[in-house]
S.K.: 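Starting off with a structure, shown below.
All ligand and atom numbering here is 1-based and tracks the order in the structure. In what follows, residues are counted from 1 in the order of the sequence shown.
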Amino acid sequence: MQSIKTLLTSSETALIEASQLSLKEAKFESQLLLQSVLKVNRAWLIAHENDALQANKHADFQALLTRRLAGEPIAYILGSREFYGLNLTVTPDTLIPRPDTETLVEAALDKIAVAAHITVLDLGTGTGAIALAIAKNRPQTNIIAVDSSKAALEIAERNAQNLSIDNVQFILSHWFDALDDKRFDVIVSNPPYIEAGDSHLTQGDLRFEPLSALSSGIDGLDDIRQIIADCLIYLKPQGWLMLEHGYNQAESVADLMAEIGLVNIETLKDLGDNHRVTLGKNPLIVSTHWD
Ligand code: GLN
């Protein structure tokens, strides 16, 4: 019988060769797969690395490893991904939350005072990652999270329940379509923004993720253009629009925001030092709506 350590070592080698992972990533993923088979945490695995593995567990591990070696994202194999300290259920109906998107969460938290009773809208919520991270850290806020995918919305709702977060309401809506006369202090979105022909779409995890959550027209900006064009109807006076975008789209997004009159426009960088989030404020001081 193989020991845990021998099994992990051979899995690391296979992942480095087949999936071009770094040694660090290969180690991490091998451990995650085995942890899920044995239902143990990482500390247990390390403490028991010389233990022998039962044959049936070995077979279960090989089955998961085979899927990973075929390119399936580890988040879909495990059915979960950690985002901003939250453990989220993830399925092929949802985009896999990225660490880069934590920049958007931080931008929102930065504008929302801890005790503020404000309203937030998350457009295209997917797993609910952004809405739930804001909701958890600002429990006084009232959040609406929309998605045009019913399947994604079901996952987002399940995540809210699992995390006992009750200040997010989920609505089936293509962008603002179902929001009627609702108005928000902060609107956040990580919309699809990859250019239609981008080679990344046929590589790595992206091959397995919903294309509707990734790609948006020839220059990747179709959905961003639509969101910006409509946002002033839904933003309260002095409200903020915050969008995640591609590393090379900051200028276009800032220009689009300036064209509709948003002010205090700024771009923030992600952990990889790429321009990733651009925000702008509705300059109105008093509401022009009759609500
Ligand atoms: N940031 C993701 C990626 O490039 C794409 C997410 C998106 O299109 N919103 O992998």
S.K.: Decide, yes or no, whether a salt bridge links R98 with D205 under the criterion of side-chain N to carboxylate O below 4.0 Å.
M.R.: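 D205 and R98: not salt-bridged.
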S.K.: Check the pair F176, Y234 against ring pair (Phe, Tyr, Trp, His ring centres under 6.0 Å), reporting the backbone distance first and the verdict last.
M.R.: CA-CA 8 Å; F176 300 103; Y234 300 92; 4.5 Å; yes
S.K.: Do D230 and W175 have side-chain atoms, one donor and one acceptor, less than 3.5 Å apart?
M.R.: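 No, no side-chain donor-acceptor pair sits under 3.5 Å.
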S.K.: Any side chain to side chain donor-acceptor pair (under 3.5 Å) pairs touching residues 248-257, not counting sequence neighbours?
M.R.: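 Matches after skipping sequence neighbours: none remain.
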S.K.: According to side chain to side chain donor-acceptor pair (under 3.5 Å), does anything in residues 54-64 pair up with another residue at least two apart or in another chain? List the pairs.
M.R.: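 Residue pairs with at least one partner in residues 54-64: Q2-H58.
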S.K.: Taking only residues two or more places apart in sequence or in another chain, which ones pass side chain to side chain contact (heavy atoms under 4.5 Å, CB included) with K150?
M.R.: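 Partners of K150 under the side chain to side chain contact (heavy atoms under 4.5 Å, CB included) test: E154, L172.
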S.K.: Between ligand 1 and the protein, give all atom pairs where both partners are nitrogen or oxygen and the distance is under 3.5 Å, as lines of names plus distance to 0.1 Å.
M.R.:
{"unit_1": "ligand 1", "atom_1": "1 (N)", "unit_2": "Y193", "atom_2": "OH", "d": "2.7"}
{"unit_1": "ligand 1", "atom_1": "8 (O)", "unit_2": "Y193", "atom_2": "N", "d": "3.4"}
{"unit_1": "ligand 1", "atom_1": "8 (O)", "unit_2": "L214", "atom_2": "O", "d": "3.2"}
{"unit_1": "ligand 1", "atom_1": "9 (N)", "unit_2": "N190", "atom_2": "OD1", "d": "2.7"}
{"unit_1": "ligand 1", "atom_1": "9 (N)", "unit_2": "P191", "atom_2": "O", "d": "2.7"}
{"unit_1": "ligand 1", "atom_1": "10 (O)", "unit_2": "R98", "atom_2": "NE", "d": "3.4"}
{"unit_1": "ligand 1", "atom_1": "10 (O)", "unit_2": "R98", "atom_2": "NH2", "d": "2.9"}

